[in-house]
Amino acid sequence: MTQNSPPLALPPGLVRAITTLQDKDRHRLDDAVTRLHTVNGRLWDTEDRVRGALLSAAQVADCKREIDQLNAERNALAERADEVLGSLADAGRANVPLHTETLASVVDRLSVLTLRIWHSERAANRDELARRRVPALHGQREELCAALDTLISDVIAGRRRLPVPARFKLYGRDDAAPAEIKPSRHLRRVIAFGGLSECGKSTSAGFVQRTCGAQRLKIGFLLRQAAHREGLADPYALSARRQAELLLGELNRFADAHVDTWLFTIESVHDDASIAELKQLMGDTLQIVYLDASFAVRVERSGTPAQAVAAKDEIKMSRGAHQVAALANHVIDNTGSIAALRARLRRIAAPPATTALRVATPYGLGLPAAVASATADFTDAARAYGPGVRLVALTGSPGEGSWIAGWSDLDLLVIAEHEAIGRVREALEQYRTALGGATSLGPTLVTPGELTARRLTPRLAFVLHQFQQGSPVLHAAPDLELPTISRDELALAAVRELPQVILTMRRLRADAGPATLRQLYKHLVLACRLLLREHNQWESGPDRILAAASRMPGLPSVPSLAEIAGAWRDGDTELVLKPVTAAVDQLLAWYAAQLAA
């Protein structure tokens with residue numbers, strides 16, 4: 001309803017009949033009738049506006065368009081209410097008298113009469129004619145309520161039939177009833193930022209744009225675009241519902257024109273009524289974020305006098321900006337660290353999800369018996385620590401089935417709450433002791449919060465992607481939530497990681513010798529893997545990676561992993577060092593040529 005409008009009270013007989021409906025139908029009817037009464041209130045206000053103040057021709061045209069749109073919505077809601085109310089009728093009495101109007105039509109008249117009484121009572125103090133009308137209007141309402149109760153009783157008992165509820169109103173459209181606008185299938189996620197002045201809306205939207213690739217839009221721009229398209233002079237004079245429809249229409253157009261964009265942000269939300277309507281139209285596709293901060297903090301951030309911030313706040317609050325907090329999906333206290341804010345924003349933009357992971361035992365990963373036994377003992381110890389340890393996995397070659405004794409390391413990933421990491425370190429010491437120098441252990445310890453906030457190294461992002469693709473883990477909590485990592489994200493991560501790998505490879509090449517063969521070869525494979533990802537090629541296993549990469553930089557023949565690992569174990573590294581360094585030289589030369597000015 002419009003601000004300060006009266007509620008709609010239904011007569012007792014109708015209320016009793018409604019209680020016999022199923023919960024789903026009762027909620028649907030309540031929504032339709034409530035919105036119908038709200039629309040009638042807006043219609044009254046708009047008609048008063050167009051009749052009262054001196055308006056320009058463009059403003060009058062806007063009001064007329066709004067009245068048409070509200071009337072169309074009014075009829076659609078009445079039909080929706082009749083769909084439910086019609087189920088109360090005894091459908092088997094075809095020969096009984098036909099009533100002249102539907103039940104929702106009577107409810108609609110009751111809504112209008114309720115508004116007329118309320119407006120007349122407000123005018124009674126200054127208008128004698130209005131004062132004299134009030135008793136008669138109350139009498140009309142009592143008679144209408146009694147008639148409606150009698151009608152519902154007759155309809156339920158089968159003494160009266162109801163007409164077909166379809167109204168077939170067009171209001172300048174080609175269809176019989178206005179179709180409710182829905183989000184486009186390309187509009188997958190929208191974040192709307194609200195809050196008072198200097199609370200961090202623009203900073204937050206900019207961060208999401210930079211880190212998540214969001215399309216950043218301004219609500220005012222969208223409304224102006226829609227107004228231009230629809231021939232409206234002032235979209236802000238329209239009802240909240242109509243503004244929401246215009247906004248959604250423009251968002252749909254942007255999404256349909258940018259089908260690869262999965263995330264949009266809109267700012268700034270200063271009108272609680274229109275954003276509430278937009279939320280009703282979009283559901284969970286729209287996430288409303290309200291950024292909160294004390295006045296003192298906001299003044300300090302602004303660098304302007306307190307009076308200037310207060311003046312801007314007053315304007316925003318007059319539009320309902322402060323009431324957006326009650327509608328928001330997420331209220332963020334933005335008085336803490338920038339790290340906390342960004343972590344929260346990343347979780348909102350790309351929520352983590354519970355992932356079904358493949359759990360295996362160490363004995364199925366091709367490890368020697370002693371290494372598998374030590375790994376199983378560590379996994380059991382970590383699992384015994386309870387919910388603090390969320391995941392244990394061997395990454396890299398064990399997951400890919402290419403682990404080689406005497407050559408490969410054991411890369412271990414443990415996801416654990418910060419409070420549990422001390423105990424994990426104790427278990428790692430026992431793990432190293434049990435391995436007895438059979439292999440080198442390289443543990444990575446990370447907290448769940450770091451993952452869901454997407455504070456990820458490129459390598460860690462790749463490992464999580466591998467889990468999504470079915471690589472095994474040794475232990476995973478059943479409710480573990482992990483960020484979803486796409487191939488596009490990995491391709492971008494490769495662009496960021498490759499420069500550091502190239503620099504490291506040049507340093508290793510400068511010191512090339514038997515002692516650095518292992519590191520040099522591994523960086524060669526890693527650099528080739530990253531290059532392939534940039535070209536959307538997703539090979540696994542060193543031999544396959546080098547073979548695929550040789551088609552780009554033209555690498556010379558490189559001995560197989562088994563040959564290199566065997567030479568390393570046997571101390572014959574000179575046999576394989578020359579072809580490895582030749583391949584490194586070729587790759588570095590090719591890479592430098594690609595980036596030359």
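This is a predicted model, so every value here is computed, not measured.
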Give a yes or no answer on whether the side chain of Asn334 reaches the backbone of Leu291 with a donor-acceptor pair at less than 3.5 Å.
no

Write down the atom of Lys316, the atom of Gly195, and the distance for their closest heavy-atom approach.
CD-O, 4.3 Å

With a cut-off of 6.0 Å (strictly less than), are more than 12 heavy atoms of other residues, nucleotides or ligands near CG of Asp284?
no

Asp479 and Thr354, any side-chain heavy atoms less than 4.5 Å apart:
no

Between the side chains of Asp256 and Arg185, is the shortest nitrogen-to-carboxylate-oxygen separation below 4.0 Å, so that they form an ion pair?
no

Which atom pair, heavy atoms only, marks the closest approach of Pro163 to Leu98?
N-CD1, 3.6 Å

On the 0 to 90° scale, with breaks at 30° and 60°, tag the His465-Trp538 ring pair as parallel, tilted or perpendicular.
tilted

Should Arg26 and Asp30 be marked as a side-chain contact (heavy atoms from CB on, under 4.5 Å) after you check the CA-CA gap, both sets of side-chain angles, and the distance that decides it?
CA-CA 6 Å; Arg26 195 162 60 247; Asp30 179 67; 5.8 Å; no

How far apart are the closest heavy atoms of Pro483 and Leu464, and which atoms are they?
CG-CD1, 3.9 Å

Thr355 side chain vs Leu357 backbone, donor-acceptor pair below 3.5 Å:
no

Taking atom CG of Leu162 and atom CG of Leu103, what is their separation to the nearest 0.5 Å?
4.5 Å

Side chains of Tyr236 and Asp271: does their closest heavy-atom pair fall under 4.5 Å?
no

Residue pair Arg188 / Asp260: nearest heavy atoms and the distance that separates them
NH2-C, 3.8 Å

Asp31/Arg28 ion pair, N-O < 4.0 Å
no

Any side-chain heavy-atom pair from Pro351 and Arg189 closer than 4.5 angstrom?
yes

Testing the 3.5 Å rule here: is there a donor-acceptor pair between the side chains of Glu267 and Ser202?
yes

Nearest-0.5 Å distance that lies between atom NE2 in His37 and atom CG in Leu115
5.0 Å

Value for CG (Asn75) from OG (Ser105), rounded to nearest 0.5 Å, stands at 8.5 Å

If we ignore hydrogens and angles and just use 3.5 Å, is the side chain of Lys279 paired with the main-chain N or O of Gly283 as donor and acceptor?
yes

OG (Ser274) and CG (Leu223) are apart, to the nearest 0.5 Å, by 7.5 Å

Is it true that a side-chain atom of Lys201 and a backbone atom of Leu196 form a donor plus acceptor pair closer than 3.5 Å?
yes

Of all heavy-atom pairs linking Ala104 and Ala78, the shortest is CB-O, 3.3 Å

Partner set under ring-ring contact (aromatic ring centres under 6.0 Å, His included) for His270, not counting sequence neighbours:
none

Would you sort out whether Leu8 and Asn40 count as a side-chain contact (heavy atoms from CB on, under 4.5 Å), showing the intermediate values?
CA-CA 11 Å; Leu8 175 62; Asn40 280 334; over 6 Å; no

Is it the case that the side chain of Thr114 and the backbone of Leu110 share a donor-acceptor pair, with hydrogens and angles ignored and the cut-off at 3.5 Å?
yes

Sort out for me which residue in Arg298, Lys312, Arg301 forms a salt bridge (Lys or Arg N to Asp or Glu O under 4.0 Å) with Glu198.
Lys312

Just wondering, more than 12 heavy atoms not from Lys64 lying within 6.0 Å of its NZ?
no

Could you tell me whether Arg80 and Glu83 make a salt bridge, using a distance below 4.0 angstrom between a side-chain N and a carboxylate O?
no

Taken to the nearest 0.5 Å, the spacing of Phe207 CZ from Arg216 CZ works out to 13.0 Å

Checking the side chain of Ser153 only, and the main-chain atoms of Asp149 only, is there a donor and an acceptor separated by less than 3.5 Å?
no

Keeping the roles fixed (side chain from Asn252, backbone from Lys182), state whether a donor-acceptor pair exists under 3.5 Å.
yes

Heavy atoms, side chains only, cut-off 4.5 Å: are Leu14 and Val107 in contact?
yes

Any heavy-atom pair between the side chains of Ile18 and Leu10 that's under 4.5 Å?
yes

Can you give me the closest heavy-atom contact between Leu148 and Pro11, atom names plus distance?
CD2-CG, 3.7 Å

For Asp333, enumerate each residue passing the side-chain hydrogen bond (donor to acceptor under 3.5 Å, both in side chains) test, keeping only those at least two apart in sequence or located in another chain.
Thr335

Supply the atom-to-atom distance Asp127 CG to His119 NE2, rounded to the nearest 0.5 angstrom.
14.0 Å

side-chain contact (heavy atoms from CB on, under 4.5 Å) evaluation trace for Glu73 with Arg242:
CA-CA 10 Å; Glu73 187 175 356; Arg242 183 63 176 140; over 6 Å; no

Mark yes when over 12 heavy atoms from residues, nucleotides or ligands other than Arg455 sit less than 6.0 Å from its CZ; otherwise mark no.
no

Is there side-chain contact between Leu217 and Glu250, with heavy atoms separated by less than 4.5 Å?
no

Does the distance from a Lys or Arg side-chain N to an Asp or Glu carboxylate O, for Glu66 and Arg49, drop under 4.0 Å?
yes

Mind listing the side-chain donor-acceptor pairs of residues 340-348 below 3.5 Å, one per line with the distance, residues two or more places apart or on another chain?
unit_1, atom_1, unit_2, atom_2, d
Arg347, NE, Thr452, OG1, 2.8
Arg347, NH2, Gly449, O, 3.1
Arg347, NH2, Thr452, OG1, 3.3

Hydrogens and angles aside, do Trp44 and Asp48 bring a side-chain donor and acceptor to less than 3.5 Å of each other?
yes

Atom CD of Glu314 with >12 non-hydrogen neighbours under 6.0 angstrom:
no

Can you check salt bridge (charged side-chain N to carboxylate O under 4.0 Å, His left out) on Glu489 and Arg454, steps first, answer last?
CA-CA 11 Å; Glu489 289 178 87; Arg454 290 181 173 258; 2.6 Å; yes

Flag side-chain contact, heavy atom, 4.5 Å: Leu248 against Met282
yes

Is the backbone of Ile288 close enough, under 3.5 Å, to the side chain of Asn329 for a donor and an acceptor to pair up by distance?
yes

Any chance you could lay out the side-chain contact (heavy atoms from CB on, under 4.5 Å) test for Val289 and Ser204, step after step, and finish with the verdict?
CA-CA 10 Å; Val289 175; Ser204 297; over 6 Å; no

For Gln22, does the CD atom have more than 12 heavy-atom neighbours from other residues, nucleotides or ligands under 6.0 Å away?
no

Do Lys218 and Arg224 have side-chain heavy atoms sitting under 4.5 Å apart?
no

